[in-house]
Structure formats: C-alpha cells, structure tokens
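Encoded as structure tokens, the structure appears first; notes follow it.
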Protein chains: 2
Amino acid sequence: MPKKRATSQDVANAAGVSRTTVSLVLNNVQGVNIPESTRERVRDAARDLGYVPNATAQALATQRARAIGLIMTRSPEHIASDVFLPQLISGLLTVIKKRDFRLLIEIVDGNADDRAYIKLAQAKHIDGMIILTPRSTDEGIKKLDEMNIPAVLIGGIPECRLTSVLADDRAASQQAVEHLTAQGHTEIACILNAREIYPDAQNRLAGYQDALKKADIPYRDSLVRFADFDPQSGQVAMEDLLKKEHFSAAFIASDNVAMGAKRAIREANLHIPEDISIVSFDDIPWAAYADPPLTTVRIPAQEMASKACVLLLDMIHGKKPSRQTFYLKTELVIRQSTQPYRP
Amino acid sequence: MPKKRATSQDVANAAGVSRTTVSLVLNNVQGVNIPESTRERVRDAARDLGYVPNATAQALATQRARAIGLIMTRSPEHIASDVFLPQLISGLLTVIKKRDFRLLIEIVDGNADDRAYIKLAQAKHIDGMIILTPRSTDEGIKKLDEMNIPAVLIGGIPECRLTSVLADDRAASQQAVEHLTAQGHTEIACILNAREIYPDAQNRLAGYQDALKKADIPYRDSLVRFADFDPQSGQVAMEDLLKKEHFSAAFIASDNVAMGAKRAIREANLHIPEDISIVSFDDIPWAAYADPPLTTVRIPAQEMASKACVLLLDMIHGKKPSRQTFYLKTELVIRQSTQPYRP
DNA sequence: AGTGTTTAGTAACGCGCGTTATCAGTCTAG
DNA sequence: CTAGACTGATAACGCGCGTTACTAAACACT
C-alpha cells in the first residue's frame with residue numbers, strides 16, 4: 001500500500017524512460033514515433049504503479065479544467081423544491097461523461113456578489129457554464145460574453161447575445177390555452193409560474209394572450225396573477241382569483257404552482273374539471289398522478305440540458321454554435337383536468 | 001479590456017513588491033509582519049487589476065482542491081426522477097458555500113468502472129466525497145477507507161466502517177404504523193418502497209412489524225407488497241391488494257409509490273380516508289398538496305446532506321468524526337389521509 | 001566521404017501559486 | 001563597539017504535468 005501517489009516521474013523511472021516519453025505515450029500524442037515496445041513498457045509501468053494523472057497539474061499545464069459549471073441563480077430553498085433539477089442534471093451528466101468532463105454545481109442568490117460565477121470561470125475552476133433560468137435583471141450575464149467566457153443559457157433572456165436553449169414557451173402556452181378555448185371556455189384565468197421579472201413568465205403570458213386574441217376573447221388584466229414557483233404562491237393566487245373573479249377555466253403556467261391552486265379550488269368546495277377546467281405547464285412526474293390527472297404542457301428538460309451541454313462543450317473546443325437560440329419542441333399532454341364549457 | 005488575466009506577479013509589479021509579499025498579504029498569513037501601508041498597496045493593486053487567484057495553481061501548490069464530490073451510484077434515468085436530489089444538493093450547497101468549497105456531481109452506474117469515483121479522488125479533483133444510497137454490493141466502497149480517502153455515506157450500508165448519515169427508517173416506520181393502530185385499524189396493508197434487496201425496504205418492513213407486534217396484531221405476509229420506487233409499481237401493488245385482501249388502512253413506504261397506490265384506490269371507486277386510511281413515507285414537497293394531503297413521515301433530506309457535508313469537511317481538515325453513524329430525526333407529519341377505524 | 005533524413009528520445013521551460021530559507025538593514029542590550 | 005534580536009521583504013524551490021526545441025544515432029543517397 002503506497003503512502004504516496006505515483007507521479008509520471010515514477011512511471012518514467014520504472015519504465016527506464018524520460019517523463020516526456022511517459023506523457024507522450026499515455027496521452028497518445030500524434031505525430032511522434034515511439035516504437036510499440038517502448039510504449040508497452042510505459043503502459044505496463046503505469047498500470048503496475050496504479051498511476052492516475054494529477055488532474056490539477058494537468059489543468060494547470062493545459063489551461064483547461066475539463067469541467068463545466070451549472071449556475072443556478074436562485075435561493076437554496078427554491079432549489080430544494082426545483083422539480084426539473086434532477087432531469088437537468090441527468091441530461092448534463094450523460095453528455096459530460098462521454099466527453100470526460102466534470103460537472104460543478106454553483107448557486108448564486110440574488111443579494112450575493114453578482115460576479116460570483118464569473119469569478120468561477122476566471123479562477124479557471126471551470127471552462128464554461130450553463131446558466132439556469134436567469135433573471136433578466138442580472139448584470140453579470142452581460143459581462144460574460146464581453147469576457148469571452150463560454151456560456152449557454154437554459155431559458156434565455158431577451159436582448160442577450162449569449163447562446164441559449166429554450167422551449168417555445170409562448171407557442172406552447174398558446175396551444176395550452178387554445179385547448180381551453182376550443183372547448184368553449186371564454187372566461188379563462190391565468191396564473192404565471194413566476195414573477196414579472198422572469199422572461200419565462202412573460203412569454204407564457206404572451207402565449208395566453210395570443211390564444212385569447214385568436215379566439216376573439218378580450219384580454220382582462222384582472223384575471224392574471226403572478227405566482228412564485230412554489231405551490232404556496234399558487235394557492236394564494238387562486239384564492240384571490242376565486243374571491244374576486246368569475247371564470248370556468250384556468251391556465252396555470254407550472255404544475256408546481258398548480259398543486260397549490262388545486263388546493264385552493266378544493267377548499268372552496270369546487271371540483272376539477274366540473275367547476276373549473278385546468279391546463280398547466282411542465283409535466284412533472286406527479287402531474288399524471290394528481291387527482292384528477294393534469295392536462296399539461298411537457299417541457300423536455302432533459303433534452304434541453306443535453307443540448308445546452310453539447311453546445312457548451314463545442315464552444316469550449318472552439319466551434320461556434322450554428323445559431324444563437326435553439327428551441328426545443330414541447331407537447332400538450334391531454335389528461336383529465338379539463339372538460340367542455342357548460343354554463 | 002485586458003486580454004490576459006492578471007497573475008499574482010502582475011499584482012506584485014503593480015504594487016512594487018515581490019510575489020511572495022502579495023501571496024502573504026492576500027492570504028492573510030499569520031506570523032509575518034508586513035506594515036499596513038504595504039498591505040494596502042498590495043490590496044489596491046489587486047483590486048485595480050481585478051486579480052482573481054488561479055484556483056488550479058492554488059490547488060496544485062496546496063495539494064487541496066477545495067472541492068467535494070457527490071457520488072450517485074445509479075443510472076441517469078433514476079437520477080432524473082430522484083425526488084430528493086434537489087433537497088440534497090440544496091443542503092450540500094448551503095454548507096459548502098460557507099466554507100468556500102465547490103461541489104462536483106459524479107454518477108457511477110453499475111456496469112461502469114467500479115473504481116471510477118476513487119480515481120476522482122486520486123486525481124485530486126476532489127478532497128473527499130459523499131456517496132448516495134450505495135449498493136451493498138459495491139466493492140469500491142471498501143477500498144475507500146483503505147486508501148484513506150475522506151468519505152461519508154448517506155443511507156449507509158451494513159458492516160461498513162465508513163462514516164454514515166441516515167434516518168432511522170425502522171423506528172420511523174413503526175411510528176407511522178402506530179398512528180394507524182392507535183386509530184383502531186387492525187387490518188393494515190403494507191407496500192414497501194423498493195424490492196427486498198434494498199436495506200431501506202427491509203428496515204421499513206421491520207418497523208411495520210414492530211408496530212403490529214406492539215398492538216398485538218398478527219403479522220400476515222399476504223398484506224405486504226414490494227414496489228419499485230415509481231408510482232406505476234405502487235399502482236400495480238395496490239390493485240393486487242385490493243383484489244385479494246381486505247384492509248382498512250395501508251402503510252406505503254414512499255410518497256412516490258403512494259401516488260400510484262392512490263390512483264388504484266380512486267379507480268376502484270374507494271376514497272381516502274373514508275374507505276382506506278393511508279400513511280406514507282418521505283414527505284416529498286407534493287405530499288402536502290395531494291388530494292387529500294398525505295400523512296407521511298418526513299425524511300430530513302436537506303439536513304442529512306448538511307450533516308454529511310459538515311462531517312466530510314471536518315474529516316478533510318483532519319478532525320475525526322465523534323461517531324461512525326449519525327441518525328437524524330424523522331417526524332410524522334399528520335395531514336388528512338387517515339381517520340379512525342369505522343366498521 | 002559527405003550530406004540529408006528519419007528514428008528515438010530527452011532537457012528544459014512554463015503553467016500560477018504557496019512556502020521556506022535567507023538576507024540586508026535597523027534597533028536593542030551589554 | 002559589537003553580538004544578538006527584530007523588521008521587512010525576497011530569491012528560490014516545489015507542486016505534477018504538457019510541450020517545444022533540440023540531440024544523438026542510424027540510415028539513405030549522391
């Protein structure tokens with residue numbers, strides 16, 4: 001049991017060659033000719049010694065960390081209840097593993113240093129980063145492409161030149177709401193997934209408006225509420241709507257928020273879909289097992305992560321992405337939370 | 001806009017001192033006397049140049065990566081639907097941030113190299129690791145403490161000397177089932193969260209049996225089923241139980257599985273809790289918003305992660321943990337899925 | 001014999017930083 | 001007036017590796 005880890009120098013000594021040769025052999029450097037006999041001596045020595053290259057030293061020498069960061073601009077509490085995180089991580093890891101990279105997770109909450117994640121890159125901890133649901137107010141993001149740091153946004157922000165991968169929230173929302181208008185609903189409430197500053201919320205609101213317009217239903221501000229990711233905020237929003245407004249259907253731009261809204265409806269002794277039809281957004285795993293099973297828009301979170309990851313790795317290796325924004329297909333999953341309008 | 005990042009040498013030049021002095025000042029090394037005037041010159045220069053120390057070089061020099069790894073020994077698909085992952089990550093990140101460490105996520109699926117995560121440590125990528133729900137068959141784990149690599153298990157395995165953090169599943173299950181017996185239920189079905197080979201499932205079954213014994217209710221094998229993590233398997237198990245057995249209550253050792261069981265109950269035109277009382281396990285965020293809200297055992301996933309992280313960081317800094325296993329308190333959260341037995 | 005050319009391999013530098021040993025100068029005490 | 005202690009700072013080494021430039025020998029061709 002060796003106390004100290006073997007270095008490439010140890011391998012070199014054991015194989016009776018120089019450290020340079022060891023490096024050339026183990027890294028399979030092209031364009032050098034070293035006879036197979038020597039190569040084998042080196043590889044045998046490395047195996048016998050249980051040699052594992054020191055990644056830190058490699059990173060220092062190559063100026064490459066072989067790691068990317070997943071940056072989440074949210075508070076720890078929000079992260080704890082983030083439904084998509086496992087899918088995203090899964091998507092990232094499958095891509096990353098194939099390319100022999102590492103995944104670093106970093107969280108940046110609003111009041112902290114705005115440049116925290118930039119430092120992460122400047123410190124050469126990571127070669128690039130994927131930024132999750134950025135706020136449009138985030139100043140740091142603009143600095144990123146000035147500094148020429150490879151970065152890909154998941155759920156991009158307007159007027160930003162960074163490469164981004166997103167679902168077509170607006171079109172998807174429109175489709176969801178059209179599912180309601182098609183069934184004769186004309187008074188349709190809307191609860192957005194997040195506050196106004198989040199571009200996602202704005203896009204989904206726009207889709208809601210598109211669908212209304214197409215069905216010749218006048219848009220009413222009073223039927224719209226902004227939630228804040230969690231069920232609690234959905235419950236509050238729905239309670240408020242039920243108290244002040246009249247409607248036969250609701251578009252709720254997040255399954256998670258819909259969970260809370262459902263409770264508000266139940267506590268008002270109303271039923272879904274008999275009294276109120278509901279279409280929501282995300283298709284989290286429990287949407288199918290809710291009571292009733294929710295009709296919802298599926299977001300391909302895992303594929304979005306994979307796509308973003310591939311783009312980022314390409315950028316790190318110097319390939320420019322073919323486009324600036326990549327839209328991934330959503331799908332309306334029809335279950336049992338809606339029914340045709342009955343006066 | 002400087003093309004190249006500033007190094008400590010640049011700071012030294014700008015401040016008119018040597019690189020050594022820069023290092024001593026910026027790292028606040030004790031026991032050296034450098035007058036405040038010089039210290040300020042250095043700090044000013046560093047700020048003006050926007051100096052960010054190169055973490056890789058620091059790691060190489062100090063032999064410390066200032067990073068820990070979260071190792072998951074599961075397939076990417078399982079990770080995508082892991083309910084606890086966000087809570088775990090949240091727990092880890094809150095601790096890690098305070099200590100200025102980084103979090104690396106690594107996945108090791110069964111058929112891959114069993115030593116993959118050991119290499120991670122040998123490569124000095126991380127200073128230590130937290131291993132999630134390890135399989136008891138994992139050979140690599142034993143190598144870990146032989147190699148003196150700091151590691152903490154979350155949800156430990158039997159006969160393993162590694163430090164581990166876990167919930168007392170057995171006691172918690174007993175408490176959950178006692179909640180049912182206390183309400184007069186005597187025919188209580190049981191659906192385990194996973195198959196027999198998982199220690200978790202065995203522990204929860206044992207707790208179920210403990211509670212029955214305490215209430216003088218004979219244990220019947222026919223009332224027990226083993227599910228497989230997902231709602232689908234819970235639905236199948238409950239359908240089978242409803243077809244073959246008679247019972248007024250059920251202990252379902254996972255909220256996720258309970259989702260499926262609930263559906264089976266609903267589709268059999270039965271109601272919770274009027275026809276069947278249910279107590280489940282985990283307290284995932286949606287348990288509170290289910291219909292009816294589920295009475296369930298809360299697993300403090302976030303605190304488990306925090307605890308594990310603190311232990312690991314202490315180990316990395318040379319402090320031995322005070323015990324080998326740490327049990328964290330669970331809590332029975334009483335909601336509305338149970339009611340007293342009525343013939 | 002003299003001039004390329006290929007083969008097999010190495011010495012040496014650089015990556016950016018932490019840290020130890022050392023030094024020149026100043027102050028104190030004997 | 002000098003040995004010793006203190007102050008303020010630095011030169012130089014090491015961390016482990018990638019990589020360039022260079023060498024020494026063997027070989028091929030006029």
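So that the names make sense, note that chain A is the first sequence line, chain B the second, and so on, each numbered from 1.
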Return yes if the base of [N] and the side-chain atoms of [X] contain a donor-acceptor N/O pair under 3.5 Å, otherwise no.
X       : N      : result
B:Arg19 : C:dG18 : yes
B:Thr38 : D:dA9  : no
B:Thr20 : D:dA11 : yes

- request: Would you classify A:Val32 as touching base, sugar-phosphate or nothing, given that sugar-phosphate means primed atoms plus P, OP1 and OP2, and contacts are heavy atoms under 4.0 Å?
  value: nothing
task: Look at all strands and tell whether B:Val17 reaches a base, only sugar-phosphate, or nothing, counting heavy atoms closer than 4.0 Å.
output: sugar-phosphate
task: Verify side-chain hydrogen bond (donor to acceptor under 3.5 Å, both in side chains) between A:Thr20 and A:Ser23, making sure each step is shown before the conclusion.
output: CA-CA 5 Å; A:Thr20 306; A:Ser23 175; over 6 Å; no
How close or far is atom [atom2] of [N] from atom [atom1] of [X], stated in whole angstroms?
X        : N      : atom1 : atom2 : answer
B:Asn13  : C:dG16 : CG    : P     : 14 Å
A:Arg66  : D:dG18 : CZ    : P     : 11 Å
A:Leu24  : C:dA8  : CG    : P     : 14 Å
A:Arg64  : D:dT19 : CZ    : P     : 11 Å
A:Gln9   : C:dA11 : CD    : P     : 10 Å
A:Asn33  : C:dT6  : CG    : P     : 11 Å
A:Glu36  : C:dA8  : CD    : P     : 12 Å
A:Lys124 : C:dG16 : NZ    : P     : 8 Å

Any [X] side-chain N or O less than 4.0 Å from OP1/OP2 of [N]:
X       : N      : answer
A:Thr7  : D:dG16 : no
A:Gln63 : D:dG18 : no
B:Gln58 : C:dG18 : yes
B:Asn54 : C:dC17 : no
A:Asn27 : D:dG18 : yes

As a test of reading the structure: which of [options] is closest to the side chain of [X], going by heavy atoms?
X       : options                : result
B:Ser23 : C:dA8, C:dG18, D:dG8   : C:dG18
A:Ser18 : C:dT10, D:dC17, C:dG9  : C:dT10
B:Thr62 : D:dC17, C:dG18, D:dT10 : C:dG18
B:Ser8  : D:dA9, C:dC17, D:dT19  : C:dC17
B:Ala61 : D:dG14, D:dA9, C:dT7   : D:dG14

- request: Let me know, please, whether B:Leu60 or B:Gly16 comes out on the 5' side of the other along DNA chain D by nearest nucleotide.
  value: B:Gly16
message: With heavy-atom distances below 4.5 Å as the criterion, would you say the side chains of A:Val17 and A:Val25 are in contact?
response: no
message: Quick one, A:Leu120 and B:Arg102 - any side-chain contact, counting heavy atoms below 4.5 Å?
response: yes
field: Closest approach of A:Thr7 to A:Tyr51 (non-hydrogen atoms, all atoms of both residues)
entry: C-CE1, 3.5 Å
message: Quick test of your reading of the model: are B:Arg47 and B:Asp44 salt-bridged, counting only N-O distances below 4.0 Å?
response: yes
NZ/NE/NH1/NH2 to OD/OE distance under 4.0 Å, B:Arg43 and B:Glu36: yes
